[in-house]
Structure formats: C-alpha cells, structure tokens
Amino acid sequence: MADVEETLKRIEGHKGVIGTIIVNSEGLPIRTTLDNSTTSLYARLLRSFTTLARSAVRDVDPQNDLTFVRIRSKKQEILVAPENNYLLVVIQNPSE
Amino acid sequence: MFADEDLDSVSVESVWRKSQQGAQESVRVKRSATADAHLVLFCVTRFWFCLFQRACQTPAVTTEHAGVQTGSKTSRFTQTEPQEQMDPKRVFSGSGSDPPGLVDFLRRVEELLIRELEKNSRSHAFDGFRANWEERSQQVSHLHRLEHPGAQEQGLHVTAVSWSCTGSVIACAYGRTDDGDWTNQKSCVCLWNLDRRGLRPKQPDLVLDVPAAVTAVCCHPERPALIAGGLYNGEVVVWDTSRTQDPVLAQTGMSADSHREPVYQVFWVPLEKKGEFGVLSSSSGGRVLLWTVDPDQGRMVLVAAYAFVQQQVPHSSRLKARGGSTVGVTATALSPWDPDTFLVGSEGGLLLRCSFSSQTPAAVTSEGRSVTPRAPAVFSFRPSGGPVHSIHCSPFHRNLFASAGTDGLVQVRSLLQADPLLSVRVSDSYVFQVQWSPSRPLVFAAATGRGEVQIFDLARKSLRPAGTIQDGAPGRTATCLAFNSQNHRLLAAGRSDGSVGIWRLSSELMEQRPSESLQLEQIANQVAE
C-alpha cells in the first residue's frame with residue numbers, strides 16, 4: 001500500500017499536475033485527488049473513451065495495441081495510461 | 001303500467017315424457033325443455049299475477065369420475081439478491097486493502113507517465129494553436145433593431161433591458177432617464193422573442209402596460225415567465241407573462257413598507273429555502289428592501305429592509321462624506337460567489353460593501369413599517385467622482401467588481417481594498433452601465449452617454465477599446481446593456497431614442513483564451529499604491 005501512495009505522490013508532484021485518478025475495469029474510481037463529482041465524471045467518460053480508442057487502434061491493425069492516450073484541450077491536458085484492469089488518469093495544466 | 005288484459009289461453013304441451021326419452025341427448029336439448037317450461041311460467045305469472053304451479057322434471061344427471069396423475073415432478077426456486085448501492089464514498093475510502101495487481105500496474109506505467117508529463121511541461125508544440133470548432137467571425141455585427149412605435153411616439157427612452165433565463169426573450173423597460181420630476185406618464189415593458197421565426201422588430205411579442213415609468217427590470221433566473229420591475233413611483237411589480245388575463249402577479253402598492261423614491265435596480269435573489277427567490281429592490285430613498293411574492297393575494301411581502309444613513313456608513317480617515325443624511329442608492333450588485341454580500345453605490349459617489357445578515361438596526365424612524373430596517377454597510381471603498389450608475393461583480397473572480405459613474409471612468413476594484421485596481425477611461429461623458437462578459441474573464445462592456453457601447457479587453461495592453469458599437473445617429477445616449485448568459489454571442493443595448501439593438505459579438509470577444517484566468521488573478525492580486 002505504501003508503494004501505491006509513494007508512486008502517486010511522485011506523479012502528483014510533477015509540474016502542472018492538477019489531479020490523479022485510478023479507475024478499475026468497471027469504470028469505478030479507486031483512488032483520486034479530486035472531488036467526488038469530478039472524479040466520477042472523468043472515470044466514466046474516460047473508461048469508455050479508452051475502450052473506444054483501443055478498438056480503433058486494433059481494428060486498423062490487429063497486431064497493434066493502445067499504449068497511451070492524451071487529450072489536449074484549451075485549458076488542460078488529460079493523460080491516460082490504459083490497461084485491461086486499471087486506468088491511470090492524470091490531468092495536467094501544461095502552460096504553468 | 002298495470003292494466004287488465006285479456007289474452008288467449010296458453011296451452012302447454014306435456015314435455016316430461018319427451019325428456020325421459022331424451023336422456024342420452026345433448027345438454028342443449030335438455031336445457032331448452034326446461035327453459036320452455038320456465039318461460040311459460042314466467043309469462044303467465046307476469047300477466048295474470050297468480051301463482052301457477054307446474055311440475056317438471058329433468059332427466060338424471062350423469063356424472064363421471066376421472067383421475068389424472070403426473071408422471072414426474074421438478075421444483076425450482078428463484079430469489080433476487082439485494083442490490084448493493086454503489087456507494088461512491090466507500091470507493092474512495094482508500095484505506096482498505098488495495099485491489100490485487102494495483103501495485104504492479106503502477107510500477108509498469110509510472111515511468112511512461114512521468115516521461116510524458118515532463119515532455120508536456122517543456123513542450124512548445126501547441127503554443128498558439130487553437131482548434132476551430134465554430135465559424136469565427138471577425139466583426140461585431142448588428143442583428144436586429146427592436147422598436148416599439150407607441151413608446152417612441154411618447155418620447156420614452158429604454159431604461160433597462162434584461163434577457164430571460166432561456167436566453168431567447170428580451171424584456172425592455174421604457175421610461176425616461178433625464179427627468180427629475182414626478183410624471184404621470186404611462187409606459188410599458190415590451191418583450192421580444194428573438195428565436196421566433198416571425199420576429200418583427202417593430203412589433204413586440206408582448207406589451208405590458210404600466211401606469212408609471214419603469215426604471216428597472218429583471219427576469220427570473222429559473223422561471224422564464226416571471227419578470228420583476230421597479231417603477232419611478234417606488235413600486236415593485238412582478239409580472240407573469242404566462243397569464244393571459246392580467247399579467248400582474250404581485251405588486252407592492254403604495255404602502256408604508258414600499259419605497260418612496262424611484263426604484264433603480266431590482267434583482268431576484270435566492271432565499272434560504274432552495275428554489276425560492278425573492279425580489280431585492282433598491283431606491284434612491286436610501287433603502288434596499290427584500291420582498292417575497294405572495295401570488296394568492298397578489299402582493300409582495302416585505303421580508304427584510306436595509307436602510308442607509310450617513311452616520312452609519314463606515315468611514316476611513318481619508319474619505320469625506322458628501323451629501324445629505326440619506327444615502328441615495330443608485331446602483332446595486334449581488335455577488336455570485338458569496339450569497340451574503342452585496343454592493344451598493346450611491347448618488348454621492350459612495351461605494352459600500354454590505355452584508356445581508358447584518359443585525360445592527362438602522363438609525364431611521366420606522367414609520368409604521370412592518371420590518372425594522374437594518375444597517376448593512378460593512379466596508380466603504382474610495383468614492384468615485386460622481387454618482388455611481390452601475391456596479392457589476394465579475395463572474396470569474398470572487399474579489400473583483402467593476403463600477404461606473406458619471407466621471408466617464410470604469411474602475412476595476414477588489415472587494416478587499418478601498419482603492420481601485422484599475423481605472424479605464426471609457427468616454428468623455430457619463431457611463432450608464434457596465435457589465436462583465438459572461439464568457440471572457442477580461443472583457444467588459446460599458447454603455448456611454450455618447451451613444452456608443454465600448455467593449456474593453458484587459459488582455460490588450462492598449463487603452464483603446466477592443467470594440468465599439470455605434471448604432472444610428474450619434475448623440476443618443478446608450479442607457480443600458482445586457483449580455484445574454486445563455487448565448488454568449490449576443491449583446492443587447494438600449495438607447496434613449498427608444499430602440500434596442502441586438503448585436504452579435506466577434507469570436508475574439510467571446511472565446512476564452514488559455515491564460516485569461518491567470519491574468520485576471522494577477523490583476524486581482526495587485527496592490528493599489
């Protein structure tokens with residue numbers, strides 16, 4: 001458990017990071033540094049988005065697979081490291 | 001109904017022999033035999049009123065017994081399991097045991113993620129890049145010019161405009177802005193629905209006749225049919241446009257509680273009970289009153305009263321008090337961030353921060369009023385050079401607000417400091433209204449006495465306006481303006497020639513840039529020298 005906390009602290013300490021969320025395979029958040037409503041919104045939306053992205057990559061080339069997702073918006077960037085079981089979502093404000 | 005009648009005699013054939021023979025016959029035949037006998041009996045008794053006895057007999061009823069047996073049996077039970085409420089709070093507890101594989105997962109992705117985060121913070125790849133989602137327009141364009149010929153004939157000015165909560169209806173109040181005397185002139189409030197296909201700019205969709213000049217109007221933030229208005233004679237009226245008979249839902253009337261001077265601003269404020277709204281009205285008689293609407297009786301009930309008296313206004317040593325003993329309130333603003341704070345500007349140039357929950361009683365005689373007035377002033381800002389016509393709190397920063405008055409300046413101030421942070425010279429003449437843009441934190445618009453609406457962008461380094469809206473002949477003052485909070489492209493500006501212009505803003509003035517909030521924060525944190 002200590003490893004998990006340490007790792008998350010290292011990630012959150014990076015420049016511009018606004019928040020971190022870990023989502024499980026059902027789209028439920030397990031760990032978060034943001035408030036509840038924002039977290040559940042991000043978790044639900046990004047889980048389905050990542051699945052869609054993964055199927056897009058694999059449909060084009062079945063040997064290929066999704067490694068990372070970055071969504072850049074006007075105000076921030078959302079980085080998602082996907083896996084079958086978990087998703088690690090980091091929201092960063094790159095211009096700070 | 002009962003009459004003597006002579007009928008032919010009825011002969012009944014004997015049927016019981018026949019029925020005995022028909023023992024094997026079908027049920028139908030058996031039934032008809034007995035039915036016949038019964039029918040005859042019935043008819044006879046009906047017309048003759050005497051009991052006529054007949055004997056009849058049915059054949060023996062045959063019965064049979066048969067048994068059925070099932071070959072094999074199976075039994076099944078079903079039961080639903082109680083559904084576990086996905087309690088989000090439980091999920092975030094964090095302290096319990098980690099799901100399996102979490103540590104390994106984090107170890108695998110950590111390096112990748114940190115690399116990406118660092119690259120991001122150093123990257124210049126997206127500097128200045130903006131995606132083009134909507135058609136961008138370079139200029140501010142004029143959409144409509146709404147006029148009410150009836151009001152224009154009387155020479156009425158547009159005194160206030162307000163968009164409805166849906167963003168499609170605009171309510172325009174007519175009155176006069178240059179008269180100092182009591183008038184008995186009737187005026188009106190006109191409504192146009194801009195989303196209707198058959199929009200006629202010279203004919204309002206709805207005209208509400210009002211017995212006095214209207215000085216303020218405000219649409220309800222949740223129910224599109226309710227409009228609150230303040231009149232020149234001190235009354236506050238609430239109209240319900242969904243009622244066809246008499247749109248006046250409630251009014252204060254001329255009671256001891258109501259204002260005696262023109263009501264310059266009305267607002268809908270949320271009350272403690274969620275979903276209910278009350279009307280806050282402020283007048284130049286130095287009073288700010290909070291009413292609730294009682295629709296059954298058609299009147300407005302006073303809930304709280306605040307009175308401003310010169311002696312009770314907090315002073316700092318540098319500020320000199322001007323004017324008579326009452327502080328005539330000409331401008332009010334509510335803070336969207338703090339429901340307890342409101343700002344008040346006076347005829348003498350005073351700007352005060354007030355609190356709804358203040359308990360100190362005001363030093364006025366309560367002449368038969370139902371609610372004792374309180375003195376709400378908490379903090380006094382450095383006064384401006386003339387009467388304050390308009391105050392507006394920034395929807396993007398909790399401490400910023402803009403104030404405008406007759407000195408031609410718009411001052412951007414902070415709630416925490418007495419001195420203004422920025423003074424922007426908008427025009428040479430009076431500024432009647434200032435409002436922050438609902439979509440860009442650094443933009444505000446001001447309606448000036450020269451007839452122009454100047455739009456300023458604080459992100460630009462220059463002192464010149466980012467946009468100027470000039471409608472028609474110069475020399476007509478622009479008396480009021482309102483941004484549409486639903487459709488951020490639209491701006492309505494009312495003028496003293498009785499027309500209201502609807503303008504569509506350019507994309508530049510409407511879309512938020514990435515670092516605007518930061519710049520606003522920097523402006524707010526400046527300390528005035």
Side-chain angles (χ1 to χ4, degrees), chain A residues 1-18 20-37 39-41 43-44 67-70 72-96, chain B residues 84-134 136 396 439-441 507 510-522:
Chain A
M1 209 232 318
D3 290 333
V4 172
E5 302 301 334
E6 272 176 32
T7 317
L8 285 179
K9 273 209 194 60
R10 273 199 293 270
I11 296 176
E12 280 153 35
H14 265 273
K15 189 167 174 235
V17 172
I18 302 175
T20 323
I21 310 172
I22 302 185
V23 185
N24 73 356
S25 49
E26 285 144 27
L28 298 167
I30 326 179
R31 287 268 192 290
T32 176
T33 58
L34 301 168
D35 56 293
N36 282 7
S37 51
T39 305
S40 38
L41 199 58
R44 182 172 49 92
T67 48
F68 203 76
V69 176
R70 282 165 68 164
R72 187 156 186 129
S73 72
K74 260 200 308 201
K75 301 185 189 175
Q76 65 220 28
E77 177 149 350
I78 306 172
L79 298 98
V80 182
E83 275 220 353
N84 231 355
N85 302 329
Y86 302 104
L87 281 184
L88 177 60
V89 177
V90 176
I91 302 155
Q92 184 193 28
N93 188 350
S95 59
E96 263 183 40
Chain B
E84 265 181 32
Q85 282 290 359
M86 261 295 111
D87 194 0
K89 290 193 213 111
R90 269 197 300 142
V91 178
F92 297 172
S93 60
S95 57
S97 62
D98 286 331
L102 187 60
V103 181
D104 297 324
F105 161 68
L106 279 179
R107 246 184 250 137
R108 278 195 297 268
V109 292
E110 183 193 353
E111 215 187 293
L112 171 63
L113 200 70
I114 290 192
R115 241 186 310 136
E116 293 299 327
L117 282 174
E118 291 199 350
K119 265 201 273 178
N120 245 356
S121 57
R122 286 193 304 245
S123 146
H124 290 283
F126 289 101
D127 280 357
F129 172 71
R130 299 225 312 261
N132 210 355
W133 283 108
E134 281 174 12
R136 313 186 97 232
F396 289 96
S439 54
R440 276 197 64 190
S507 316
M510 212 192 71
E511 284 169 4
Q512 205 178 35
R513 298 228 185 94
S515 52
E516 272 194 53
S517 313
L518 260 172
Q519 272 183 297
L520 195 70
E521 188 74 37
Q522 278 171 356

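Here the structure is a predicted model, which means the values were calculated and not measured. Each chain gets a letter, A, B and so on, in the order the sequences are listed, and its residues count up from 1.
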(Q) I need the minimum non-hydrogen distance between Q92(A) and L117(B), along with the two atoms involved. (A) NE2-O, 3.2 Å
Q. Do the side chains of V109(B) and Y86(A) get nearer than 4.5 Å, heavy atoms only?
A. no
**Q.** Side chain / backbone / both / neither for R122(B) at chain A, heavy atoms under 4.5 Å
**A.** neither
(Q) What's the separation between atom CG in L112(B) and atom CG in L79(A), rounded to the nearest 0.5 Å? (A) 9.5 Å
**Q.** Gap between atom CZ of F105(B) and atom OG1 of T7(A) - 0.5 Å precision
**A.** 11.0 Å
Q.
Looking at E118(B) and K15(A), is any side-chain nitrogen of the basic one under 4.0 Å from a carboxylate oxygen of the acidic one?
A. no
**Q.** Inter-residue atom distance E110(B).CD - L8(A).CG, 0.5 Å rounding
**A.** 9.0 Å
Q) Can you find a heavy atom in the side chain of N85(A) that is under 4.5 Å from one in the side chain of L102(B)? A) no
Q.
Test of understanding: with salt bridge (Lys or Arg N to Asp or Glu O under 4.0 Å), list the residues that count as partners of K119(B), not counting sequence neighbours.
A. E116(B)
Q: Please examine the side chains of N120(B) and E77(A), heavy atoms only from C-beta on, and report whether any two atoms are closer than 4.5 Å.
A: yes
Q. How long is the span from the CD1 atom in I114(B) to the CZ atom in R10(A), to the nearest 0.5 Å?
A. 6.5 Å
**Q.** Atom group of T67(A) that falls short of 4.5 Å from chain B, counting heavy atoms
**A.** backbone
(Q) Does any part of the side chain of F68(A), heavy atoms only, come nearer than 4.5 Å to the side chain of L113(B), both counted from C-beta? (A) yes
Q) Checking heavy atoms, do the side chain of L87(A), its backbone, both or neither come under 4.5 Å from chain B? A) backbone
Q | Among the listed options Q76(A), E83(A), K74(A), the residue most often paired with chain B at heavy-atom distances under 4.5 Å | A | E83(A)
(Q) For V17(A), which atoms come within 4.5 Å of any heavy atom of chain B: side chain, backbone, both, or neither? (A) side chain
